[in-house]
Amino acid sequence: MSVPPPPSKDFIREIIDEDLASGKHDSTVTRFPPEPNGYLHIGHAKSICLNFGIAEEYGGRCHLRFDDTNPTKEDVEYVDSIKEDIQWLGFDWGDHIYFASDYFSKLYDWAVHLIKEGLAYVDDQSAEEMRENRGDLQTPGVESPFRNRTEEENLDLFEKMKRGEFKDGEKVLRAKIDMAHPNLNMRDPVLYRIVHAEHHRTGDEWCIYPMYDFTHGQSDALEYVTHSLCTLEFENHRPLYEWFLDNLPVPSRPRQIEFSRLSLNYTVMSKRKLLQLVQENYVSGWDDPRMPTVSGIRRRGYPAEAIRNFCKTIGITKYKSTNDIALLENSVREVLNRTASRFMAVLDPIKVIVTNYPEDQVEEFDAVINPEYPELGTRKVPFSRELYIERDDFMEDPPKKFFRLSPGKEVRFRCAYFLKCNEVVKDDEGNITEIHCTYDPETRGGENPPDGRKVKATIHWVSAAHAIDAEVRLYDRLFQHEAPDKDGDFLQHLNPESLSVLSNAKLEPNLGKVELGETVQFERLGYFCPDLDTSVEKPVFNRTVGLRDSWAKAQKKK
RNA sequence: AACUCCGUGGUGUAACGGUAGCACAACAGAUUUUGGUUCUGUUUGUCAAGGUUCGAAUCCUUGCGGAGUUGCCA
């Protein structure tokens, strides 16, 4: 009898297991701390899945906390979109929504506390002077001439900073740590800066704002966060994070643990670059289906479950890796194969006339909704004398391995009949305008006929008289370069063919009932979803992702 | 040549001193009323050199390579 091995856990969950086993904590509290200055992207989704996932698995909680300490960059618009995205991903913060700005007065008191302990001082140096005196990676910094002000003077000055008696940048409050510290973050970091700006929540109540470092750990402590999970670039901030916890009367002792952020090939992820794509109109907006934003992915038709599965498969480590976008697409296909209803749609239509089929006859065939779940039943698809098929599914002079329709050849029209091509009609310029076929009544429903005849291909079709006209948008990767951040300007690597619009698509009538938010399969083509731009007059579908296509792959190799 | 962190197939991720496994990708085949799905098989890996040990991806030493850090951003 073999016992299945326990599922392997990432290093963060192992730490949590130990902390729970040792009794250091008896429950877990994590947090997702976005700054409301932009839209969430799939990298954030990784962090959301980690933090909220841990809360679910351990029966703990995960706080949503907006890190809103910089009024010049932040806005409520972002708060709302961030909340929507987290919910869409399938997570719930319950009552635990917080704002760092709720702690401003507590943080102010703690700053005063540090001054009284002789651990903070008001500095009059300009930003430039501070930079010069900070030293660099190899050389120690120089202490500020204002470093040894008296407690009274510091208290007075800090009070005046708060009251608005100074202009932006005139003074800052700094921690008094060590100007020669090998970690630059410890060289008397700034705690408070003066910013006369309207804050999206506190209005003009404050004109001094705490820095990230002076806010984050203390906020964690105030919320009794046990494990504060962040990305690798905060590793160098951990000593400072702990310095504040050591020197302030905080109510709890959170632990910061860093993990590697998500990166994907053929994708840019930095907020700055995504913003640039939007502002300079390389994409239609934050929710352009080509964007790696949560809203873009949603509009593209990726299911939330696929994102969650993807985050599970990439794991959590400290190793800076680049994930293959194919892995994400695989997660998407895996979910959609299970969940998407099947329909027929012709993207690039060419007309087929079934010459031996009665002119005004219409038959309805039963077509399976999802072959993975036959119990879901069937839908009715109308068939008539005039049909559309995919231009790619016909070749007048086919290569050897081409199984689809060509002169003299017979194929199955999915769920309908075997049709044989007898004639090709062309216009004056030689373009094919119609394909004339005959059907075999013995193959009704697409069944093999009694004579045992077989065909090598099944193709999709739409009845011309019943078709819904639609626009279909096909997306390809936004960047051609595997690492668009490398080799100069990332904009140079934009894929000029990342979007192609097909305005003459023909849809099976059932497709008129697909609702926004649902992703379906167009058989043999891929997964598609109605776009936000869709209207009764003009349905618009986005291609979420294509089906694996071994025929196309074989062609490309030649 | 500061400090911190990280090196396992093409990509990502396991193995916690005891057979280097899994997923994706690639390739080959079987099945198929989607050239989809499913199934089977194949190829490819512990950064390097020493050391400890019966035994090292794992522990130690040195080297090599990569990343982050010099905002009054987060």
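Residue numbering restarts at 1 for every chain, and letters A, B, ... go by the order of the sequence lines.
Nucleotide B:C72 holds its P atom 11 Å from the CG atom of A:Leu184, rounded to whole Å.
Both thresholds, 5.5 Å between centres and 30° between ring planes, are met by A:Phe403 relative to the base of B:G35, so the two rings are stacked. Taking a centre distance below 5.5 Å and an interplanar angle below 30 degrees as the stacking criterion, A:Trp551 stacks against the six-membered base ring of B:G35.
Pairs of Watson-Crick or G-U wobble type, with distances under 3.5 Å, assemble into runs of 3 or more in RNA chain B at these ranges: B:2-7 with B:64-69, B:10-13 with B:21-24, B:26-30 with B:38-42, B:47-51 with B:59-63.
Residues forming a ring-ring contact (aromatic ring centres under 6.0 Å, His included) with A:Tyr39 (at least two apart in sequence, or on another chain): A:Tyr78, A:Trp286.
Of the candidates B:C24, B:U34, B:C73, B:C73 carries the atom nearest the A:Asn70 side chain, counting heavy atoms from C-beta on. Here B:A74 is the nucleotide among B:U4, B:A25, B:A74 with the atom lying nearest to any side-chain atom of A:His237. Of the candidates B:C72, B:U34, B:C3, the closest approach to any side-chain atom of A:Pro182 belongs to B:C3. Distances were taken from every side-chain heavy atom of A:Arg548 (C-beta onward) to each of B:A74, B:U11, B:U37; the shortest belongs to B:U37.
Of the residues near RNA chain B, A:Pro371 and A:Ser321, the one whose nearest nucleotide (by heavy atom distance) lies more toward the 5' end is A:Ser321. If you find the closest nucleotide of RNA chain B to A:Arg412 and to A:Leu547, the one lying nearer the 5' end belongs to A:Arg412.
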(request) At under 4.0 Å between heavy atoms, which parts of nucleotides 39-46 of chain B does protein reach? Answer with one letter per nucleotide, 5' to 3': B base, S sugar-phosphate only, - none. (result) --------
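Considering only heavy atoms from C-beta on, A:Pro36 comes within 4.5 Å of A:His200 through its side chain.
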